[in-house]
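As structure tokens, the structure follows; a few thoughts come after it.
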Amino acid sequence: MTVFLNHTIVHAHYKRTSAQFLVDVLGLRPPTTYGPFLVVEVDNGVSLDFADDHGTLHPQHYAFLVSEKEFDEIHARIVARGLTYWADPGHRRAGEINTGDGGRGLYWEDPDGHNLEIITVPYGG
């Protein structure tokens, strides 16, 4: 049996702001509308479906596997926006890049506090 992740719902105070933030930082295609969702599709066919939620949000973690070239481009966009980034999920090593597992990685937050991550090599790689 083959199982693939198809989509996940991302709760946001303002779905348009959060979806556009992700698209802009990662360099993805513009979001599309599907019912009440703004859908951001990544290159492996998985989508992040942004939904407005004006209650208390519970920050989640979303990790994206990217090439070395894409890492440099995304890192440059994070720096250009003046966003704080960290080498670790606990946000203790600000302004640093993680070089564990034979690749590079970093974390930053979206407008709703979700912990976003880019890595160039899967964990354990």
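Along the sequence shown, the residues carry numbers beginning at 1.
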Between His114 and Pro59 the two heavy atoms that sit nearest each other are ND1-CA, 3.5 Å
Heavy-atom nearest pair, Asp110 first then Phe21, reads CA-CE2, 3.5 Å
How close do His13 and Asp53 get, heavy atom to heavy atom, and via which atoms? ND1-O, 3.5 Å
Report whether Val42 and Ile78 are members of the same hydrophobic cluster (ILVMFWY, side-chain heavy atoms less than 4.5 Å apart, transitive linking). yes
Is there a path of hydrophobic side-chain contacts, each under 4.5 Å between heavy atoms, that joins Phe37 and Val23? no
For Arg81, does the CZ atom have more than 12 heavy-atom neighbours from other residues, nucleotides or ligands under 6.0 Å away? yes
Using the rule that Ile, Leu, Val, Met, Phe, Trp and Tyr join whenever any side-chain heavy atoms are under 4.5 Å apart, tell me whether Leu5 and Tyr123 fall into a single cluster. no
Is there side-chain contact between Ile74 and Leu26, with at least one heavy-atom pair below 4.5 Å? yes
So does Glu68 get a backbone contact from the side chain of Arg104, meaning a donor-acceptor N/O pair under 3.5 Å? yes
Under a 3.5 Å distance rule, please check whether Arg77 uses its side chain to pair with a backbone N or O of Val25 as donor and acceptor. yes
Could you give me the CA-CA distance, side-chain angles and deciding distance for Tyr14 and His54, then say whether ring-ring contact (aromatic ring centres under 6.0 Å, His included) is met? CA-CA 8 Å; Tyr14 301 100; His54 300 294; 5.6 Å; yes
How far apart are the closest heavy atoms of Ile119 and Glu117, and which atoms are they? CG2-OE2, 3.2 Å
Can a donor-acceptor pair be found, under 3.5 Å and without considering hydrogens, that links the side chain of Lys15 to the backbone of Pro36? yes
Could you tell me how the ring of Tyr107 sits relative to the ring of His91: parallel (under 30°), tilted (30 to 60°) or perpendicular (over 60°)? tilted
Give a yes or no on whether the backbone of Ile9 and the side-chain of Asp49 come within a donor-acceptor separation of less than 3.5 Å. no
Connected via hydrophobic side-chain network under 4.5 Å: Leu48 and Val66: yes
Are side-chain heavy atoms of Tyr85 and Leu83 found at a separation under 4.5 Å? no
His75 versus Leu106: any side-chain heavy-atom pair under 4.5 Å? yes
Sub-3.5 Å donor-acceptor pair from the side chain of Gln60 to the main-chain atoms of His58, do we have one? yes
When you compare the side chain of Ser47 with that of Val39, does any pair of heavy atoms fall below 4.5 Å? yes
Under 4.5 Å between any side-chain heavy atoms of His61 and Pro89, yes or no? no
Restricting to non-hydrogen atoms, name the atom on Trp86 and the atom on Arg92 that form the minimum distance, rounded to 0.1 Å. CD1-N, 4.0 Å
Closest contact, heavy atoms only, Ser67 versus Thr120: O-CG2, 3.9 Å
Above 12 or not: heavy atoms from other molecules or residues under 6.0 Å from OH of Tyr62? yes
Working for side-chain contact (heavy atoms from CB on, under 4.5 Å), residues Leu28 and Val40: CA-CA 8 Å; Leu28 300 170; Val40 175; 3.6 Å; yes
State, with a plain yes or no, whether a side-chain heavy atom of Ile118 is found less than 4.5 Å away from one of Trp108. yes
Check whether Leu65 and Phe4 end up in the same hydrophobic cluster, where Ile, Leu, Val, Met, Phe, Trp and Tyr are linked by side-chain heavy atoms less than 4.5 Å apart. no
Short question: side chain of Asn98, backbone of Gly100 - any donor-acceptor pair under 3.5 Å? yes
